[in-house]
Amino acid sequence: MPKRDPVFPEGRHALYEAHGYSAAIRSGDLLFVSGQVGSRPDGTPEPDFERQVRLAFANLEATLAAAGCTFDDIVDVTTFHTDPENQFPAIMKVKQEIFGAPPYPTWTAVGVTWLAGFAFEIKVIARLPA
């Protein structure tokens, strides 16, 4: 079985060390990115919801870049929401800015009751550029 090939963005966030996980793992031609939240470098959540979503996407972008990927390489998205009905307008606004034109990645949105102090999390699978 091949060894995991971890990927970390510059300035690893405190959450990776505190909870013992990798930002992403390369496997074959795919990149599996752990759930990214709107955490500041010290691991604390951004309190403003829309800014938390934007920070989660920025953290995702940094992790993708560390593996040589961009948002265009994403093939599958899963998002987790603590209050989907009220949060979707802000999420869709940011999503449209990031994925503004087809082809869009697949997307699954899941309502949850707990995200360790966060209100939004995004997890993706991307294809590594050749």
Side-chain angles (χ1 to χ4, degrees):
M1 176 159 223
K3 198 171 188 182
R4 291 182 293 263
D5 182 16
V7 173
F8 289 97
E10 286 290 318
R12 288 174 61 171
H13 290 251
L15 291 175
Y16 302 133
E17 286 300 320
H19 299 287
Y21 67 98
S22 297
I25 295 287
R26 284 185 198 96
S27 182
D29 63 347
L30 297 176
L31 181 70
F32 298 85
V33 181
S34 291
Q36 300 294 303
V37 292
S39 62
R40 299 170 182 162
D42 68 357
T44 61
E46 165 58 49
D48 178 80
F49 181 72
E50 186 175 327
R51 285 196 302 248
Q52 187 179 128
V53 172
R54 289 185 184 284
L55 187 52
F57 273 95
N59 290 338
L60 172 60
E61 185 174 31
T63 300
L64 290 168
C69 294
T70 70
F71 289 125
D72 290 338
D73 297 307
I74 294 174
V75 295
D76 183 64
V77 175
T78 303
T79 53
F80 304 90
H81 317 264
T82 57
D83 186 5
E85 190 172 349
N86 292 310
Q87 295 168 337
F88 255 76
I91 294 164
M92 295 307 287
K93 177 182 174 185
V94 176
K95 177 185 179 275
Q96 180 62 29
E97 293 171 15
I98 303 294
F99 302 110
Y104 304 111
T106 63
W107 195 296
T108 302
V110 180
V112 298
T113 59
W114 183 80
L115 288 172
F118 295 91
F120 174 81
E121 184 170 337
I122 181 168
K123 169 184 186 1
V124 305
I125 300 171
R127 184 160 305 281
L128 291 161

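The analysis underlying the following values was restricted to heavy atoms, covering all of them including side chains, and did not include hydrogens, waters or symmetry mates. All values derive from a computational prediction rather than experimental measurement.
The structure places CD1 of Ile74 at 5.0 Å from CG of Leu60, a figure rounded to the nearest 0.5 Å. Distance SG/Cys69 to CG/Leu128: 4.5 Å, rounded to 0.5 Å. Considering CZ of Phe57 and CZ of Phe99, their distance stands at 5.5 Å, rounded to 0.5 Å. Once rounded to the nearest 0.5 Å, the distance linking NZ of Lys123 with OG of Ser34 reads 6.5 Å. Between Phe8 atom CZ and Tyr21 atom OH the span is 9.0 Å, to the nearest 0.5 Å.
Within the 4.5 Å cutoff, the side chain of Phe118 has no heavy atoms near those of the Thr82 side chain. A 4.5 Å side-chain heavy-atom check between Ile25 and Pro6 finds at least one atom pair inside the cut-off. Counting heavy atoms from C-beta outward, Asn59 and Pro9 have side chains that stay 4.5 Å or more apart. Inter-residue side-chain proximity for Asp73 and Leu64 is flagged as unmet; no heavy-atom pair is nearer than 4.5 Å.
With hydrophobic clusters built from ILVMFWY side chains whose heavy atoms lie under 4.5 angstrom apart, Val33 shares a cluster with Ile98. The same ILVMFWY cluster, assembled from side-chain heavy atoms under 4.5 Å apart, contains both Val7 and Val124. Put simply, Ile122 and Tyr104 are part of the same group of oily side chains (I, L, V, M, F, W, Y) that touch within less than 4.5 Å, one to the next. Under the 4.5 Å side-chain heavy-atom criterion for grouping Ile, Leu, Val, Met, Phe, Trp and Tyr, Leu31 is connected to Phe71 within one hydrophobic cluster.
Listed by first then second residue, pairs satisfying side chain to side chain donor-acceptor pair (under 3.5 Å) with a partner in residues 89-99 read Glu50-Lys93, Arg54-Glu97, not counting sequence neighbours.
In this structure, the side chain to side chain donor-acceptor pair (under 3.5 Å) partners of Thr79, at least two apart in sequence or on a different chain, are His81, Trp107. For Asp83, the side chain to side chain donor-acceptor pair (under 3.5 Å) partners two or more places apart in sequence, or in a different chain, are Asn86. The side chain to side chain donor-acceptor pair (under 3.5 Å) search around Thr106 returns Asp76, not counting sequence neighbours. Contacts of Gln36 classified as side chain to side chain donor-acceptor pair (under 3.5 Å), with partners at least two apart in sequence or in another chain: Tyr16. Considering only residues two or more places apart in sequence or on other chains, Leu30 meets the side-chain contact (heavy atoms from CB on, under 4.5 Å) condition with Phe32, Ile125, Arg127.
Listed here is the closest heavy atom pair of Phe80 and Val112: CD2-CG1, 4.0 Å. Shortest non-hydrogen contact noted between Pro129 and Gly68 is CG-O, 3.2 Å. The two residues Arg40 and Pro47 come nearest to each other via the heavy atoms NH2-CD, 2.9 Å.
A donor-acceptor pair under 3.5 Å links the side-chain atoms of Gln52 to the main chain of Ala119, judged by distance alone.
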